[in-house]
Amino acid sequence: QVQLVESGGGLVQAGGSLRLSCAASGRTFSNYFMAWFRQAPGKAREFVATISETGSSTYYPDSVKGRFTISRDNTKNTVFLQLDSLKPEDTAVYSCAARTKYGARYGTTDPQSYGYWGQGTQVTVSS
């Protein structure tokens, strides 16, 4: 089992920045691909970013590429999501997710492929 706890959400004006953190516990953190997803009210869960187990590879959808940055610190069992140039349409609950690297391929954007989830943190961007 992997336990994930997000933090760092809040209210920010358009154009501002936030840094989200996701602390993991329970298993060897470096054995997991990590990802961030978001879900706005009335909308489906949306893939935001993923990072390989070593942190050497990252992938983003076009909607956030160049504005969001995912990173990880395996010594601290933590994955981060830096949100810059925020827009009102970025408003959502942001959740981190983990997927074991064993028998899996890095880079999946399907939330059903991730077996472990945090509770989420709210990000609200005002115009």
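Note: hydrogens, waters and symmetry copies are ignored here, and every other heavy atom, side chains too, is used.
Under the rule for a salt bridge (Lys or Arg N to Asp or Glu O under 4.0 Å), Lys76 has no partner lying at least two apart in sequence or in another chain. Taking Arg99 as the reference, nothing meets the side chain to side chain donor-acceptor pair (under 3.5 Å) condition, with sequence neighbours excluded. With sequence neighbours left out, the side chain to side chain donor-acceptor pair (under 3.5 Å) criterion links Thr124 to Gln122. Residues satisfying the ring pair (Phe, Tyr, Trp, His ring centres under 6.0 Å) criterion with Phe37, sequence neighbours excluded, are Phe47, Tyr114, Trp117. The side chain to side chain contact (heavy atoms under 4.5 Å, CB included) check on Arg27 picks up Val2, Tyr32, with sequence neighbours excluded. Taking the side chain to side chain contact (heavy atoms under 4.5 Å, CB included) definition, one finds that Ser56 meets it with Ser52, Thr54, sequence neighbours left out. Annotation: side chain to side chain donor-acceptor pair (under 3.5 Å) contacts of Ser95 (sequence neighbours excluded): none. With sequence neighbours left out, Gln1 forms a side chain to side chain contact (heavy atoms under 4.5 Å, CB included) with Gln3, Tyr116. Take Gln39 and apply the side chain to side chain contact (heavy atoms under 4.5 Å, CB included) test, not counting sequence neighbours, and it matches Arg45. Legend: residues meeting salt bridge (Lys or Arg N to Asp or Glu O under 4.0 Å) with Asp110, ordered by chain and number and at least two apart, are absent.
Remark: Lys101 NZ to Thr28 OG1 distance equals 9.0 Å, nearest 0.5 Å.
Cluster membership for Val123 and Leu4, using ILVMFWY side-chain heavy atoms within less than 4.5 angstrom, is shared. Residue Phe33 is not grouped with residue Phe29 when hydrophobic side chains (ILVMFWY) are merged at heavy-atom distances under 4.5 angstrom, including chains of intermediate members. Linking ILVMFWY side-chain heavy atoms closer than 4.5 Å, directly or via other members, places Tyr59 and Val64 in two distinct hydrophobic clusters.
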Q.
As a quick check of understanding, evaluate side chain to side chain contact (heavy atoms under 4.5 Å, CB included) for Val5 and Gln119, giving each step before the final call.
A. CA-CA 7 Å; Val5 179; Gln119 82 289 349; 4.3 Å; yes
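Within the structure, salt bridge (Lys or Arg N to Asp or Glu O under 4.0 Å) pairs that include any residue of residues 31-42 comprise Arg38-Glu46, Arg38-Asp90 (at least two apart or interchain).
The closest donor-acceptor contact from the side chain of Tyr106 to the backbone of Thr58 lies under 3.5 Å. Checking side-chain atoms of Thr91 against main-chain N and O of Val125 turns up a donor-acceptor pair under 3.5 Å. Side chain of Tyr60 to backbone of Arg67: no donor-acceptor contact under 3.5 angstrom is found. At distances below 3.5 Å, not a single donor-acceptor pair connects side-chain atoms of Glu6 with backbone N or O atoms of Cys22.
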Can you give me every donor-acceptor pair (side chain of residues 79-89, partner residue at least two apart or in another chain, under 3.5 Å) with its distance?
| unit_1 | atom_1 | unit_2 | atom_2 | d |
| --- | --- | --- | --- | --- |
| Gln82 | NE2 | Asp84 | OD1 | 2.9 |
| Asp84 | OD1 | Ser17 | OG | 2.7 |

